[in-house]
Every structure is written in structure tokens, then in C-alpha cells.
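Report on the structure given below.
Every chain is numbered from 1 and lettered A, B, ... according to where its sequence line falls, protein lines coming before strand lines.
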Amino acid sequence: MLDLKLIRSNPDLVQERLNARKAGEYDIQPILDLDAQQRSIEGDRGQLQARSNEIGKAIGQKMKGGANPQSEEIIALKTEGNEVKQKLADLEPQEKELKAQIKALILALPNLPDATTPIGANETENVEIRRWGDEYKKDATGILPHWDIGEKLGILEFSRAVKVAQSRFVSLMGAGAALERALINFMLDTQIEAGYTEVMPPVLVNSESLTGTGQLPKFAEESFRCAEDDLWLTPTAEVPVTNLYRDEVLDAENLPIAHCAYTPCFRREAGSYGKDTRGLIRLHQFNKVELVKFVHPDHSAAEHEKLVGNAEAILQALKLPYRVLELCSGDIGFSAGKCYDLEVWLPSAGTYREISSCSNFYDFQARRASIRFKEPKQKGTRFVHTLNGSGLAIGRTMAAVLENYQQPNGTVEVPEVLRSYMRKDFL
RNA sequence: GGAGAGGUGGCAGAGCGGUUGAAUGCGCCUGACUUGAAAUCAGGUUUAGGGUCAAACCUAACGGGGGUUCGAAUCCCCCCCUCUCCGCCA
């Protein structure tokens with residue numbers, strides 16, 4: 001959520017930053033208009049309420065002093081009190097309605113792209129920052145797509161999963177399930193070693209939580225909902241883990257708070273019907289290890305770089321070639337101000353595919369979820385900055401392993417760092 | 001699912017119609033005492049919005065939403081959540 005005070009005091013800057021996402025898409029003028037109305041009413045209301053309080057206090061004092069409740073003096077005050085109440089009854093609903101409208105409009109506004117975020121219209125204008133692991137790229141000749149090799153090895157079961165659920169689901173069988181577990185454990189162990197505290201959060205979350213991180217209200221159609229309970233299947237552990245601290249005031253000395261979490265993730269993938277219909281790339285249910293940080297605003301840029309490094313460390317340990325993109329203003333997510341994507345090399349397709357997205361949300365989510373911190377000796381509170389990134393998406397990592405580690409004889413070598421988890425060298 | 005209890009400041013916990021934004025304790029901050037610290041004493045310490053150069057000041061908030069009243073943390077109604085016991089269950 002953007003700061004209304006910033007919108008009010010610096011409308012041109014805000015509008016210009018929003019235009020960097022998509023020109024003509026966002027207009028803050030209605031907010032400014034409604035805000036002016038609301039403030040005007042609030043002024044009047046405040047005065048009336050002050051008078052009402054005076055009357056109440058005056059009556060209280062006189063009664064305590066033994067005044068007759070039927071005396072003219074008291075009756076006159078009560079009459080005025082009733083008049084004030086009438087006027088307030090007229091003003092209050094107006095102001096309430098205006099506030100609700102403003103809130104709804106602000107909740108629909110995305111974060112401002114950071115000044116360092118490259119300007120661009122769409123994903124074609126993302127900027128490649130660096131590449132890693134070219135030396136591990138093998139000759140792709142004869143390499144089967146991961147879904148083919150997976151079915152051949154009997155470790156990925158698509159058609160039966162479709163019977164059980166629907167399309168875009170998979171069952172992992174035998175060594176496939178074991179590999180998934182190995183990846184989860186390896187990633188968690190690595191991130192715990194790097195200083196993250198593991199958490200296993202609920203994967204059903206309420207609407208307030210989804211609003212806190214920015215999935216609601218705009219992206220309701222992207223999540224599975226249990227309508228009777230106001231609960232949704234979490235689309236990413238970002239939601240439950242960030243909301244762990246919703247409506248809290250944290251001690252500055254406890255920052256940064258860093259969590260890693262393994263959870264299944266659920267996405268409806270509405271509107272992507274033709275895309276990635278085969279394999280593990282785009283499923284309604286997938287596993288992910290997520291990294292989430294709550295940091296002091298002064299350190300969020302440095303913490304962001306560190307977090308990207310933590311995600312990269314997984315790919316490096318797995319010796320999977322990847323590149324780092326900095327997303328441009330037209331492609332960063334709704335809540336993010338700055339975002340790096342990690343893309344892993346998929347030899348069968350001859351392309352890099354997103355495997356992690358690491359974002360700095362600045363105070364955008366913290367403001368929505370009211371996550372603040374207090375510094376000793378300083379008055380008041382400030383919003384923390386929240387960061388998160390995949391570390392990593394398990395299914396896509398599995399796809400990358402099945403392809404990058406595929407042998408000419410149709411087996412798949414187990415990456416060295418996973419062998420102690422798998423207790424075997426080949427699939 | 002049945003029965004009961006309860007949701008108050010950073011925490012614990014009073015208040016149950018009138019100058020109560022809220023006793024008390026803990027925590028925290030400032031000062032005194034001390035070589036320093038502890039202990040002790042005095043004072044201070046909620047958040048949000050408005051206002052101001054900065055203050056003063058004004059308004060709101062005692063789970064959420066309505067209602068009664070000149071006036072509600074306190075009374076009434078609805079909803080949510082938590083806890084205890086019973087039942088069921090991984």
C-alpha cells in the first residue's frame with residue numbers, strides 16, 4: 001500500500017513512477033479528490049465532536065456537583081448535545097464512505113518501482129545482470145525433456161494425477177518423490193546454515209493475509225479459495241510467513257528477521273491455458289522453499305542482494321547453469337519495488353526458465369499488513385521493509401536436474417550435494 | 001458438534017455509565033544518589049489521523065460492526081477469535 005501522505009504531498013512523483021509500470025493504467029487523481037473531500041469533512045466533524053465532548057463533560061461535572069437533572073441548565077445542554085449528534089449523524093456516514101473508497105483505490109495501486117529499477121515496458125526489456133555455470137552446460141543433443149525422461153524412469157506420473165485431480169497436477173513416484181524430498185531438505189539445510197530460521201506455516205490463509213502481502217484484492221482469481229471458511233490455499237509461503245508478524249510492533253534490535261519455509265503452493269494459473277502444458281513448469285500444486293526477511297529500511301537494499309546470493313548458492317551447489325535478470329518497471333510484480341529473477345538453464349528447450357524471484361517490497365507490504373518496528377529512544381514506530389525470494393521452486397529445480405544431469409544411456413546422475421540425502425548416485 | 005469462560009496499553013492485569021487514554025505491577029527512558037553498576041527515590045513512557053517551523057492543541061481507538069445515552073472500556077444486539085471440559089478425529 002502506498003502512503004497516502006506521499007500521494008498527497010508528491011502526486012507528480014507518484015504518478016510518474018506508476019506510469020513507469022504501465023502508462024495510462026493508474027490514475028491517482030480520484031484519490032486526491034476523495035482525499036480532499038474526506039479531510040474537509042473530517043475538520044467539521046472534529047469540531048462537532050469536540051463540542052459534543054465538552055457538553056458531555058459539563059453535564060458530568062454538574063451532576064457530580066449535585067445539580068438537578070431536570071434543571072433548565074442541564075436540559076439546555078442535553079438539547080444542544082442532541083443537535084450536535086444530529087449533525088454528526090449526517091457527516092459520519094459520508095466520511096466513512098469516502099475513507100472506504102480511498103482505501104479501496106489505494107489497495108488497488110501497485111508499489112512504486114524503485115529508482116534503480118530499469119524502465120521498460122515488458123519482460124523483453126529485463127536486464128541480464130550476470131550468468132553463472134556456462135562450463136556446466138552440456139551438449140544438448142539427444143537430451144529428453146524432463147517430462148519424457150521422468151516418465152521413462154517411472155518417477156513422474158502425469159496421467160494418473162490428472163485422474164485424481166485435474167490437468168496441471170503430477171504425482172512423484174519412487175525416486176522422484178525421494179528426489180523432491182532431497183531437494184527440499186538440501187535447500188532448507190543450506191538456508192538454515194546461512195542464518196534463516198525455518199518455519200512451517202499454515203498453508204490455508206485468510207483474506208486479510210492475502211491482502212497484507214498484496215495478492216488481494218486484485219488477484220483473487222489466481223488463488224484457490226475455500227469459500228465457506230474465508231480461507232485460501234496459499235499461492236506461496238510468502239503469504240503465511242510475512243503475515244506471521246501482521247499487526248505487530250517488532251523491536252529494532254531483533255531485525256533483521258530471516259525465515260525459510262518449505263510449503264506446497266497452489267495457483268489457479270487462470271489465463272495461462274496454452275502455456276507450459278507439459279511437465280513440471282506450471283502446475284496447480286508445487287513445492288517451494290521460500291526465503292522471507294523483515295529488515296530495517298536502511299538495510300533493505302543490502303539485504304536484498306544477500307537474499308539473491310542465498311538463492312544463487314543453491315543453484316551453484318547443484319552446478320546448474322543460470323542467469324540473473326533484473327526485472328524492468330513493466331515486469332515487476334504488483335507489490336515489488338525491485339526484483340531479480342534467477343533463470344535456470346533447461347537444455348531440452350535451449351532456454352533459461354525462471355526458478356526464483358527475489359523481491360524487495362520496501363514498506364509496501366508492511367504498510368498493508370501493519371508490520372512495524374520501534375527503535376529504542378525514538379518516539380513512534382516505523383514500517384519494516386519486507387523481502388522475499390524463492391530458494392528455490394522445487395519442481396522447476398527437479399526439471400533442471402532431470403535435464404542437466406541426464407546421461408546418454410538414459411539415466412540421470414544425482415547431483416553430488418544430494419547424494420547423502422538420496423543414498424544413490426543415479427536415477 | 002454440545003456446555004462454559006474470556007478478549008483492555010510492549011507484557012501482565014484492574015476498571016463494569018460521567019474530567020478513565022485508561023489504576024497497579026513489569027519493562028523501557030530521563031534525572032538524583034554512586035568511582036561505575038546494582039538497589040533506592042523523583043519524573044516520564046500507547047498508537048493513528050489532523051494541526052504547527054516546532055510546540056500547544058483537536059479527533060479517534062479498550063476483538064470487529066451496529067444500537068441506547070448529553071456522555072459507553074462499562075448497558076443492549078450481531079459477528080469474529082481464544083481458552084477449558086465433553087464428544088469426534090490424523
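One finds no side-chain N or O of A:R51 lying less than 4.0 angstrom from the OP1 or OP2 phosphate oxygen of B:rC70. For the pair A:R39 and B:rG49, the criterion of a side-chain N or O lying under 4.0 Å from OP1 or OP2 is not met. Phosphate proximity of B:rG71 to A:N53: absent, as no side-chain N or O sits under 4.0 Å from OP1 or OP2. For B:rC70, the OP1/OP2 oxygens have no side-chain nitrogen or oxygen of A:K57 closer than 4.0 Å. The side chain of A:K62 contributes no N or O atom lying less than 4.0 Å from OP1 or OP2 of B:rG18.
Nucleotide B:rU59 holds its P atom 8 Å from the CD atom of A:E54, rounded to whole Å. Atom pair A:Q49:CD and B:rC57:C1' shows a separation of 16 Å (rounding to whole Å applied). If you take CZ of A:R246 and C1' of B:rG63, they are 13 Å apart, rounded to a whole angstrom. The interatomic distance linking A:I371 (CD1) with B:rU47 (P) rounds to 18 Å, in whole Å. What separates CG of A:D247 from C1' of B:rU46 is a distance of 15 Å, to the nearest Å. If you measure from atom CZ of A:R45 to atom C1' of B:rA48, you get 12 Å, rounded to the nearest angstrom. Here B:rA48 presents its P atom at 13 Å from CE of A:M1, a figure rounded to the nearest Å. Atom CD of A:E95 and atom C1' of B:rG50 are 11 Å apart (whole Å).
Distance check on atom C1': B:rU52 versus B:rC57 gives 9 Å, rounded to whole Å. Nucleotides B:rG63 and B:rC81 place their C1' atoms 7 Å apart, quoted to the nearest Å. Straight-line distance between the C1' atoms of B:rC70 and B:rU30: roughly 42 Å, to the nearest whole Å. Rounded to whole Å, the C1' atom of B:rA14 lies 12 Å from the corresponding atom of B:rA73. Taking atom C1' in both B:rC62 and B:rA22, the straight-line distance is 8 Å, to the nearest Å. The separation of B:rG9 from B:rG25, taken at their C1' atoms, amounts to 13 Å, rounded to a whole angstrom. If you take atom P in B:rC76 and the same atom in B:rU68, they sit 15 Å apart, rounded to whole Å. B:rG17 and B:rU74 are spaced 11 Å apart, taking the P atom of each and rounding to whole Å.
Checking B:rA56 for Watson-Crick or G-U wobble geometry (two distances, each under 3.5 Å) identifies no partner in any strand. Summarising the base pairing, B:rU46 is matched to B:rA61 through a Watson-Crick or G-U wobble pair whose two defining distances lie under 3.5 Å. Applying the Watson-Crick and G-U wobble criteria (two distances, each under 3.5 Å), B:rA38 pairs with nothing in any strand. With both pairing distances under 3.5 Å, B:rG17 is matched to nothing as a Watson-Crick or G-U wobble pair. In this structure, B:rC83 forms a base pair with B:rG4, meeting either the Watson-Crick or the G-U wobble geometry with both donor-acceptor distances under 3.5 Å. With a 3.5 Å ceiling on both atom-pair distances, B:rU74 lacks any Watson-Crick or G-U wobble partner. Shown here, B:rC88 forms no base pair; nothing in the strands shown gives a Watson-Crick or G-U wobble contact with both key distances under 3.5 Å.
Residue A:K99 is classed as having no contact, given no heavy-atom separation below 4.0 Å to the nucleic acid. Here A:I59 lies in heavy-atom contact (under 4.0 Å) with a base. At the heavy-atom level, A:G46 lies under 4.0 Å from the strands shown only through sugar-phosphate atoms.
For A:Y322 and A:Q316, the side-chain atoms include at least one donor-acceptor pair closer than 3.5 Å. Judged purely by distance below 3.5 Å, without hydrogens or angles, the side chains of A:R246 and A:S209 pair a donor atom with an acceptor atom. Between A:E157 and A:S159, the side chains place a donor N or O and an acceptor N or O closer than 3.5 Å (distance only, hydrogens not considered).
Between A:K85 and A:R8, the residue anchored nearer the 5' end of RNA chain B, judged by the nucleotide with its closest heavy atom, is A:R8. Position along RNA chain B of the nearest nucleotide to A:G81 versus A:G56 favours A:G56 as the more 5'-ward residue.
Comment: A:R8 engages A:D35 in a salt bridge, judged by a side-chain N to carboxylate O separation of less than 4.0 angstrom. Salt bridge annotation for A:R419-A:E413: present, with a cationic side-chain nitrogen under 4.0 angstrom from a carboxylate oxygen.
Residue A:T381 has its side chain nearest to B:rU47 when only B:rU59, B:rC70, B:rU47 are considered. For A:K374, the side-chain atoms get nearest to B:rU47 when compared with the rest of B:rG71, B:rA60, B:rU47. Of the listed nucleotides (B:rU47, B:rG49, B:rG18), B:rU47 has the atom at the smallest distance from the side chain of A:R372. Among the nucleotides B:rC58, B:rG50, B:rC70, the one closest to the side chain of A:A50 is B:rC58. The A:K78 side chain lies nearest to B:rC70 when the options are B:rC70, B:rG18, B:rG50.
Each of A:R278, A:E151, A:E403 was compared with A:H146 under the side chain to side chain donor-acceptor pair (under 3.5 Å) criterion, and only A:E403 meets it.
The aromatic ring centroids of A:H385 and A:F364 lie 6.0 Å or more from each other.
Aromatic ring orientation, A:F294 versus A:Y245: perpendicular (interplanar angle above 60°, classes split at 30° and 60°).
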